[in-house]
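We name chains A, B, ... by the order of the sequence lines, and we start the count at 1 in each one.
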Amino acid sequence: MKIKVFFLILCLALGFASIAVAQTEEPPKGGTPKDFVLPPRATISFDNGLDVILVPYGNIPKTMVKVVVRAGNVDEAPDEIWIADLLGNLLKEGTLTLTGEELAFKAAGMGGAINVSVGANQTTVSLEVLSEFTPQAIALLGDFLINPLFPESEIERLKSDLLRELSIQQSQPGAIALEKFRKVLYGDDHSYGRIFPTEEMIQSFSIEKVRNFYEANFGAIRSDLYIIGKFDSRGAKRAAAAAFGNWKTGVESEPTVPAPTTQRAVYLVDRPGAPQSNLMIGLPVVDPSEPDYIPLVVTNTLLGGYFSSRITANIREDKGYTYSPYSTLSVRYRDAYWVETANVTTEVTGPAIQEILKEIERLREEPPPDEELEGVQNYMSGSFVRQNSSKSGIAAQLAFLKLHGLDESYLLDYVKNVLAVSPEAISEMATKYIRPNDLTIVVVGDKEKVLKQIRDFGEVKE
Amino acid sequence: MKFRNIFNLLLLVGVAGLLISVQACQPEAESAEVGRLQVPVEYHKLDNGLRVVLSPDDTAPIVIVGVYYNIGFRIEPRDRTGFAHLFEHMMFQGSKNLGKMEFVQLVQRNGGALNGSTRFDYTNYYEILPSHALETALWAEADRMAGLDITQENLTNQQGVVGNEVKASVLNQPYGGFPWLDMPQVANENWYNAHNFYGDLEDLQAATLEDVQEFFHRYYSPNNAVVVLSGDFDPKEALVMIEKYFGDIPKTELPDPPDLSEPEQTEAKRENKVDPLANRPALAFAYHMPERQTPEYFAMGILDQILLQGDDSRLNQVLVKDRGYTGSVDGGINYLLGNQFNYSGPMLWMGSLFHDSTVSPDQVVSAINEVMEEVTINEVTQSEFERALVKVRSQFYDIVGQMYGFGKVDLLASFALFDDDPNLINEVEKRFEEVTPELLLATAQQYLRPERQTILTVEVGAESQVKEGK
């Protein structure tokens, strides 16, 4: 097996303007902005398609070993919702040479635990250990992913756990709102619209079905290994080659791209007696592969994406309707939606929606003042530095590029592109993408008290 | 075989009209040094009593400013439950030079993130900023330590916000407040440790501007606070700035600390809570912790690893794997409100799990008790002991590294406020290593006795079937 090593050096000079808010005594301007250098990293590409990304980072004697597999709920058949989650749980039950208990003991003996997290597009398996155990941790994760045992003896217990989790999630108002919102946008035909399985579905799962899902979706070509932290680089590379170099290539990921519905509609899920209404107000927008994405992220930040944003300033700091409202761009492979999420006091459900719509309209009609936009841009530049200043943040950024098929320039040009957005462009983005006439409004709350408050926003469906 | 281009990019970005700067960098050496953590600590006290801890770290061009006040939610007026937390919100509502929203805007416009929180024994405020903005943040923190300027309108607004916080976190959530808010109310006897820390909605609504000013004058003074800096800064320059902005804030006479002590628990307790929003029953258990900084306290940190932390822990092996009662048992010391180090006073070690109605709470309790009894009878094996030591060290490093190093700020602040010795951060590993299997056994026998246990069960309420209107 041949291994090629490339070093990627990313240096990024970042500056910030210190901006003062008008007040009695001017705040000190602060010092000279320092340059920010993206942590240098080395990438090794194996013949089987797996990339190993090594990032020496920080001074705490720990290493994060993480494998991101581009497989997840999106790859599930309509009658196998959450089988990716069951697979994640079953992986922990042992390999061909280690029982589940031995796996847990070994990981713990290195100071860590194997965590599996299953998302729409990615399954992430990670283990953070004391630095001296880095090679062993790489070897253990390799065995974990490549040689799963899938013991029949454990599946009934794991299915019970899944049924319990389903039941608990379905009692949470936030999850109920998300399910409704996704169902309206994507329907039953796409995995993004299928948040919860039925109990019958879970009961029908078998080792064979799990194994089939694993065989179809797991393999080197869909996976990358991240080694981030304080570690001996030579030992880590050797361990990576030994552990992952012979993994089967597998099949490239080809997730189906959804065609989400755009419609102005109001959906009410009744929750009798609820003291708050859980709101999700949003619509499909462009995903990270589109040039409008970054200007839209800036627009979102200004509108509702951070504490100083307009919607938060209005419905929290001015009106006191809610505690932690936020808007976000929720992204998946070749798919995204913008959504404002807020839990508001039942009695002010209607006024809260009204204010959110008002802030959207205002931004569409009038470009924001320079100073406000500059504040957002500085905040986002600072956030970018933070995102690249932790082990998990670095891994998340790099996995984001991989998932969306973006090249390094996305990171290198990110701050520049954020700063290039003009006030006019913000209004254009709002006008183009955040269209009140196309917003889906989901309300989970006390129907008796809420219905009359939300009738004005459109025909209320259940 | 995939071929890649070799990148050797130097990227130049000037922000907001500033000069474009150039910097070359080299990938790090092949091998990194591996070893024990040593946190740099500089400790100072200003004439007004303000404690200052400086811990430089140039990993990233970021600086973290933590301002911690030695007042937590345990100590709040008896007819004003939840007031310490409501007050935390008021610290963002206006000071002499910064009006409502302006503190937040100032930090965010300078590229920073910020927050505050209220815990058992402190209330903290922090900013994570590009390092050049340090002075701006210090000025702003000093401005609000010097005095608040709050209107009735702002108070009313935040009463609404906090009321919504309580609804979102507790009242409108299945298992809201379980077990972190509920368990102290059941397991503790002393009101300071056993009241509703989030607050009753009526108490929150009853708070007045006079309450706010009174609370501020009583607890928010430099001699009841610590300023901690960690990150990329020059300690000498930073100390000058802190002296400049905080040095003139007058010290005050602090009230005598109340008696927080808990009576020795001599009988096991058990309480049940009916939760109409829950779909599945849940159960939590708790024991009182040994006093902070004692050998037994560190032994409990290791017992926590052996019994509760991770898939390999005894409770997880027995309740999850052997019995199949639950998907996981979670918990810890100062569970969900902090960690083993950032409190001062009586504390609980607790764990919790969700189970099915087909399994009775008694069955779960009896499985827990088997595990707890075993650890009070037999010494742990050498291999299990060593594994726990590795885990506890690893978890400690995670705490230190949390949130770009904010975890380190939190530890330094806690050791400065509660022990007057932030250097204790560098003693923690040693203290854990001094624990022996014999001490573990003795600690378990003393602190994990059946009569020191509290059980809290969550019963699925009659109206639990929330209509989903589908």
Side-chain angles (χ1 to χ4, degrees), chain A residues 6-8 11-13 15-19 21 23-25 27-28 30-31 33-37 40 45 47 56 58 60 62 104-105 108-109 111 113 130-132 157 161 164 167 171 230 232-234 269-270 274-276 307-308 320 322-323 343 375 378-379 381-382 389 412 415-416 462, chain B residues 1-2 4 6-7 10-13 15-16 18 21 23 25 27-28 30-32 34 59-62 97 101-102 104-106 108-112 130 132-133 135-136 139 157 160-161 164-165 167-168 171-172 174 279-280 310-312 324 327 387 390-391 394 397 401 404 466-469:
Chain A
F6 298 102
F7 278 100
L8 179 65
C11 299
L12 180 64
F16 294 91
S18 295
I19 301 176
V21 186
Q23 51 248 303
T24 335
E25 182 189 318
K34 290 190 182 180
D35 293 342
F36 175 64
V37 181
S45 297
D47 290 348
I60 289 174
K62 288 199 71 169
F105 282 18
L130 295 176
S131 289
E132 60 262 37
R157 171 171 66 81
D161 288 346
R164 188 180 316 110
S167 171
S171 66
K230 211 176 167 186
D232 172 66
S233 190
R234 206 170 293 127
V269 183
D270 191 16
Q276 281 185 326
F307 194 91
S308 299
T322 178
Y323 169 58
N343 311 331
N378 268 0
Y379 171 73
S381 304
S389 301
L412 294 171
V415 171
K416 190 182 76 185
E462 294 200 350
Chain B
M1 180 83 221
K2 273 203 277 186
R4 296 268 181 105
I6 296 175
F7 293 93
L10 290 178
L11 181 90
L12 319 171
V13 185
V15 177
L18 291 178
S21 53
Q23 186 184 342
C25 65
E28 279 192 24
E30 282 284 294
S31 85
V34 163
T59 306
I62 284 177
N97 291 297
M101 287 294 281
E102 289 181 353
V104 174
Q105 283 168 1
L106 181 67
Q108 295 195 321
R109 280 161 178 264
N110 279 288
H132 73 276
E135 188 170 5
T136 313
W139 173 86
N157 165 254
V161 170
N164 271 297
E165 181 177 351
K167 286 171 201 160
L171 303 176
N172 196 32
N279 282 350
R280 300 279 167 133
D311 297 343
D312 66 302
R387 196 168 74 228
V390 168
K391 282 167 68 181
S394 189
Y397 292 166
Y404 324 103
V466 173
K467 230 172 27 181
E468 287 181 30

Original post:
Does a side-chain heavy-atom distance below 4.5 Å link Leu106(B) with Trp139(B)?
Top reply: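 Contact flag for Leu106(B)/Trp139(B) side chains = yes.
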**OP:** May I ask you to test the Asp312(B)-Lys391(B) pair for a side-chain heavy-atom distance under 4.5 Å?
**Re:**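 Asp312(B) vs Lys391(B): side chains touch.
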Most heavy-atom pairs under 4.5 angstrom with chain A, which of [options]?
options                                   : result
Lys167(B), Glu135(B), Arg387(B)           : Arg387(B)
Asp311(B), Thr59(B), Val161(B)            : Val161(B)
Gly160(B), Pro174(B), Gly324(B), Ala60(B) : Pro174(B)
Gly112(B), Gly401(B), Gly310(B)           : Gly112(B)

**OP:** Would you confirm whether Asn279(B), through its side chain, and Ser167(A), through its main-chain N or O, come within 3.5 Å as a donor-acceptor pair?
**Re:**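 The answer is yes, because a donor-acceptor pair under 3.5 Å joins these two groups.
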**OP:** Would you confirm whether Ser131(A), through its side chain, and Lys62(A), through its main-chain N or O, come within 3.5 Å as a donor-acceptor pair?
**Re:**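 Yes: the side chain of Ser131(A) pairs with the backbone of Lys62(A).
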Subject >> Interchain contact, Arg157(A) with chain B, by part (heavy-atom threshold 4.5 Å) >> reply: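 For Arg157(A), the contact with chain B is made by the side chain alone.
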Original post:
Can you name the nearest heavy-atom pair linking Ser394(B) to Gly111(A), along with the distance?
Top reply: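 Shortest heavy-atom separation between Ser394(B) and Gly111(A) comes out as OG-O, 2.6 Å.
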Original post:
Pick from Ala274(A), Pro275(A), Gly109(A): which one has the most heavy-atom pairs with chain B under 4.5 Å?
Top reply: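 Looking at each option in turn, the highest pair count goes to Pro275(A).
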